[in-house]
Amino acid sequence: MSDNTTRQVTLNGLARQLVNQGLISEEAAQEAVENSSDGKVPFISALVEQSDLTTGVIAQAIASDFGLPCYDLSGLEATSIPVDLISEDLIANHNAVPIARRGSKLFVAISDPTNSEPLDKYKFTSGLSVEAVVVEEDKLQDLKARVLEGNSALSEGLDDSFDLEVDSESSDADSAEDGSEVDETPVVRFVNKVLLDAIKRGASDIHVEPYEKIFRIRFRIDGILEEVVNPPLNMATRLTARIKVMSRMDISERRVPQDGRIKLKISKTKAIDFRVNTCPTLFGEKTVLRILDPSSAQLGIDALGYEPDQKKLYMDALASPYGMILVTGPTGSGKTVSLYTGLNILNKPDTNISTAEDPAEINLAGINQVNVNPKAGLTFAEALKAFLRQDPDIIMVGEIRDLETASIAIKAAQTGHMVMSTLHTNDAPQTLGRLINMGVPPFNIATAVSLIIAQRLARRLCDTCKVVDELPKEVLLSEGFLEEDLEDLVVHKAVGCKKCNGGYKGRTGIYQVMKISEDIGKLIMAGGNAIDIAAQAKKEKIPDLRDSALLKVKAGLLSLEEANRVTKD
């Protein structure tokens with residue numbers, strides 16, 4: 001008897017109200033109060049666990065007894081919550097969430113109206129009159145989690161050991177141009193964690209996009225855009241301003257696009273650069289951040305996905321003291337990494353290397369890098385002319401866009417220099433046709449260009465979860481496999497697990513590496529077009545992009561679906 005006496009607690013507040021209404025027994029109420037006494041579990045959650053009552057029944061009873069409205073949170077959009085009025089810490093420490101503002105009134109969702117402490121604090125913090133709305137406990141906890149997750153910018157799973165530091169130039173800009181609201185700690189922490197999470201997940205781009213009714217952030221991971229978080233819409237302007245401050249942009253200018261750059265030091269030995277661009281849209285400025293990891297140039301040629309014979313052709317071309325190597329493919333196909341991998345191989349103390357880019361994406365010590373600036377008159381052609389007067393061994397041009405640049409680059413390749421550049425064409429044969437269309441004489445192309453690399457990036461299958469894809473023989477033949485390939489052919493498909501993104505993890509390159517042979521050179525000088533050159537390449541058994549993709553399907557690196565996505569017309 002004495003043990004029971006010591007266990008009994010005095011019932012008050014919500015527990016007493018529910019007992020008085022006959023919804024629960026006094027013993028059940030006392031047990032729930034004891035289980036929630038440490039503050040880790042709310043009283044209503046403890047009560048639901050040990051009784052037949054649901055949170056809905058409890059909420060209706062409470063609302064009726066206290067004469068308050070009962071609201072169903074399942075119909076509430078998280079983006080409409082006025083979390084800018086109440087700090088994240090207050091919401092985290094109290095079982096109440098602000099759900100709407102109407103004029104001078106702030107409506108607060110609460111499951112226990114007898115607990116007036118959060119209402120009083122919200123009133124003091126916001127400067128508004130506060131009205132309580134009764135909601136179900138489980139839905140309140142779910143809403144609270146969603147709000148805190150949005151405000152902490154994907155904090156779940158982040159490694160707090162990251163030593164995040166914006167470079168000194170950006171810090172100076174921060175203090176010089178700082179507005180009253182862009183330096184708010186929650187906004188700063190939000191942006192920093194988004195950047196870090198993008199780095200951790202291996203994203204190549206971050207898209208920050210305001211719309212009329214939503215605000216979203218997307219990552220491009222393995223070439224595919226993925227929505228990762230929907231911050232409250234009223235945070236859009238402040239987040240954009242914070243990014244612009246970090247990028248040394250003009251935060252007062254919102255009418256025209258701007259370019260900037262952020263350098264984040266995430267450890268004592270590693271820093272990541274972000275190339276930032278803003279563009280005015282109907283409902284605010286869209287911001288895209290390209291993640292530039294200098295270590296990508298240090299991966300080595302073996303990590304890029306070249307087949308052994310393709311690698312040998314590239315290495316042989318790099319070993320030549322003169323000639324032109326062209327890398328072609330769409331935006332985001334890894335052209336810059338391929339070029340810089342080659343430059344890293346050639347980067348020695350006895351070699352003078354200069355690059356002209358728009359802008360330089362990867363910083364590499366020992367290489368003289370120039371950002372072209374057309375407004376100031378520093379075009380690719382002008383940079384090339386300057387390089388030729390600076391005793392160069394190797395020249396890299398970010399992109400050949402016009403006849404003048406092409407002519408100077410080809411002349412440099414013909415006069416004892418190694419020249420590397422990119423073009424935007426679909427495959428290697430079309431690259432030669434593009435140069436001819438620019439107005440470059442076929443003779444100069446045939447004698448200057450030594451190697452063309454066309455490439456794509458494809459998502460690699462996850463080794464943990466990939467499974468065999470049983471496909472009919474007819475389908476495999478129609479996809480391009482040969483009859484003799486089918487004997488030992490095993491095709492895999494993506495499934496998806498906790499270690500990957502929808503069955504894919506990382507990317508690999510698919511290449512067409514075409515050496516300008518004597519016969520291809522004769523064909524160019526004879527006025528052959530891209531179709532003629534492609535036919536000659538096939539005759540010389542040079543695998544095209546489709547052939548290279550199917551090789552990786554046979555090796556179990558790619559799914560047939562992914563090979564079709566990146567190579568099939």
Side-chain angles (χ1 to χ4, degrees), residues 314 317-318 320 322-343 346 353-362 367-375 377-390 392-456 511-516 520-521 524-525 528-530 533 545:
Y314 191 17
L318 290 172
S320 174
Y322 58 87
M324 178 180 282
I325 298 174
L326 295 174
V327 181
T328 182
T331 302
S333 60
K335 299 188 298 296
T336 302
V337 172
S338 282
L339 283 178
Y340 266 92
T341 299
L343 289 176
L346 299 171
I353 303 175
S354 297
T355 74
E357 300 168 77
D358 184 22
E361 294 188 0
I362 298 172
I367 293 179
N368 307 292
Q369 296 171 282
V370 174
N371 280 337
V372 299
N373 185 355
K375 290 182 179 178
L378 181 56
T379 61
F380 281 119
E382 291 301 317
L384 270 175
K385 291 175 185 177
F387 291 165
L388 291 173
R389 295 190 290 269
Q390 295 217 329
D393 295 304
I394 298 162
I395 296 171
M396 196 272 271
V397 186
E399 183 183 350
I400 293 177
R401 298 175 180 172
D402 53 59
L403 177 58
E404 185 182 11
T405 305
S407 298
I408 299 171
I410 284 177
K411 189 177 292 184
Q414 290 173 326
T415 55
H417 305 95
M418 166 66 69
V419 179
M420 305 172 74
S421 190
T422 70
L423 277 93
H424 285 280
T425 56
N426 290 328
D427 59 19
Q430 288 184 33
T431 302
L432 296 170
R434 174 77 182 278
L435 289 173
I436 292 172
N437 291 338
M438 280 185 184
V440 180
F443 174 79
N444 286 343
I445 297 172
T447 55
V449 179
S450 56
L451 190 75
I452 301 176
I453 302 172
Q455 68 179 74
R456 301 287 188 276
Y511 303 93
Q512 179 186 22
V513 181
M514 187 175 81
K515 181 181 179 181
I516 307 303
I520 291 177
I524 295 168
M525 287 189 284
N529 58 29
I533 296 168
L545 288 167

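The basis for the numbers below is simple: all heavy atoms, side chains too, and nothing from hydrogens, waters or symmetry mates.
Formation of a donor-acceptor pair under 3.5 Å by the Gln512 side chain with backbone atoms of Ala428 is found in this model. Remark: the backbone N or O of Thr328 is not paired with any side-chain donor or acceptor of Thr425 at under 3.5 angstrom. Side chain of Ser421 to main chain of Val397: a donor-acceptor pair is present (N/O by atom type, distance under 3.5 Å, no hydrogens or angles). In this structure, Tyr314 contributes its side chain and Ser338 its backbone to a donor-acceptor pair below 3.5 Å. Formation of a donor-acceptor pair under 3.5 Å by the Asn371 side chain with backbone atoms of Ala360 is found in this model.
The line from CG of Leu432 to CG of Leu326 is 8.0 Å long, rounded to the nearest 0.5 Å. Here the CD1-NE2 distance, from Ile400 to His424, works out to 11.5 Å after rounding to the nearest 0.5 Å. In this structure, CE in Met418 is found 10.0 Å from OH in Tyr322, a value given to the nearest 0.5 Å. Taking CD1 of Ile394 as the start and CD1 of Ile353 as the end, the distance is 4.0 Å to the nearest 0.5 Å. Rounding to the nearest 0.5 Å places CG of Leu318 at 8.5 Å from CG of Leu343. The CG atom of Leu339 lies 8.0 Å from the CD1 atom of Ile453; values are rounded to the nearest 0.5 Å.
Between Leu403 and Gly439, the shortest heavy-atom contact is CD1-C, 3.6 Å. Of all non-hydrogen atoms in Glu404 and Ala381, the two that sit nearest each other are CD-CB, 3.5 Å. When every heavy atom of Ile325 is checked against every heavy atom of Ala317, the shortest pair comes out as CD1-CB, 3.7 Å. Residues Ile533 and Pro429 approach most closely at CG2-CB, 3.9 Å, considering heavy atoms. Looking at every heavy atom in both residues, Thr415 comes nearest to Lys411 through OG1-O, 2.9 Å. The heavy-atom pair separating Val440 from Ala406 by the smallest distance is CG2-CB, 3.8 Å.
No side-chain heavy atom of Ile524 sits under 4.5 Å from any side-chain heavy atom of Val449. Proximity of Gln455 to Val327: side-chain heavy atoms (C-beta onward) are separated by under 4.5 Å at one or more points. A heavy-atom distance below 4.5 Å is not found between the side chains of Ile408 and Phe380. Residues Met420 and Thr355 fail the side-chain proximity criterion, which asks for heavy atoms closer than 4.5 Å. The shortest side-chain heavy-atom distance between Leu435 and Leu423 falls under the 4.5 Å cut-off. A heavy-atom distance below 4.5 Å is not found between the side chains of Arg456 and Asp427. Side-chain atoms of Gln369 and Met396, non-hydrogen and from C-beta on, never get closer than 4.5 Å to each other. Residues Thr379 and Asp402 fail the side-chain proximity criterion, which asks for heavy atoms closer than 4.5 Å.
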Using the rule given for side chain to side chain contact (heavy atoms under 4.5 Å, CB included), can you reason through Val419 versus Leu384, listing the C-alpha separation, both sets of side-chain angles and the distance that settles it, and then say yes or no?
CA-CA 10 Å; Val419 179; Leu384 270 175; 5.7 Å; no
What do the steps show when you test Leu346 against Asp393 for side chain to side chain contact (heavy atoms under 4.5 Å, CB included), and what is the final call?
CA-CA 10 Å; Leu346 299 171; Asp393 295 304; over 6 Å; no
Please walk me through it: do Ile395 and Leu388 pass side chain to side chain contact (heavy atoms under 4.5 Å, CB included)?
CA-CA 9 Å; Ile395 296 171; Leu388 291 173; 3.8 Å; yes
Take Met514 and Thr431, measure what side chain to side chain contact (heavy atoms under 4.5 Å, CB included) needs, and give me the verdict at the end.
CA-CA 11 Å; Met514 187 175 81; Thr431 302; over 6 Å; no
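Of the residues Glu357, Arg401, Glu399, the one that meets the side chain to side chain contact (heavy atoms under 4.5 Å, CB included) test with Thr422 is Glu399.
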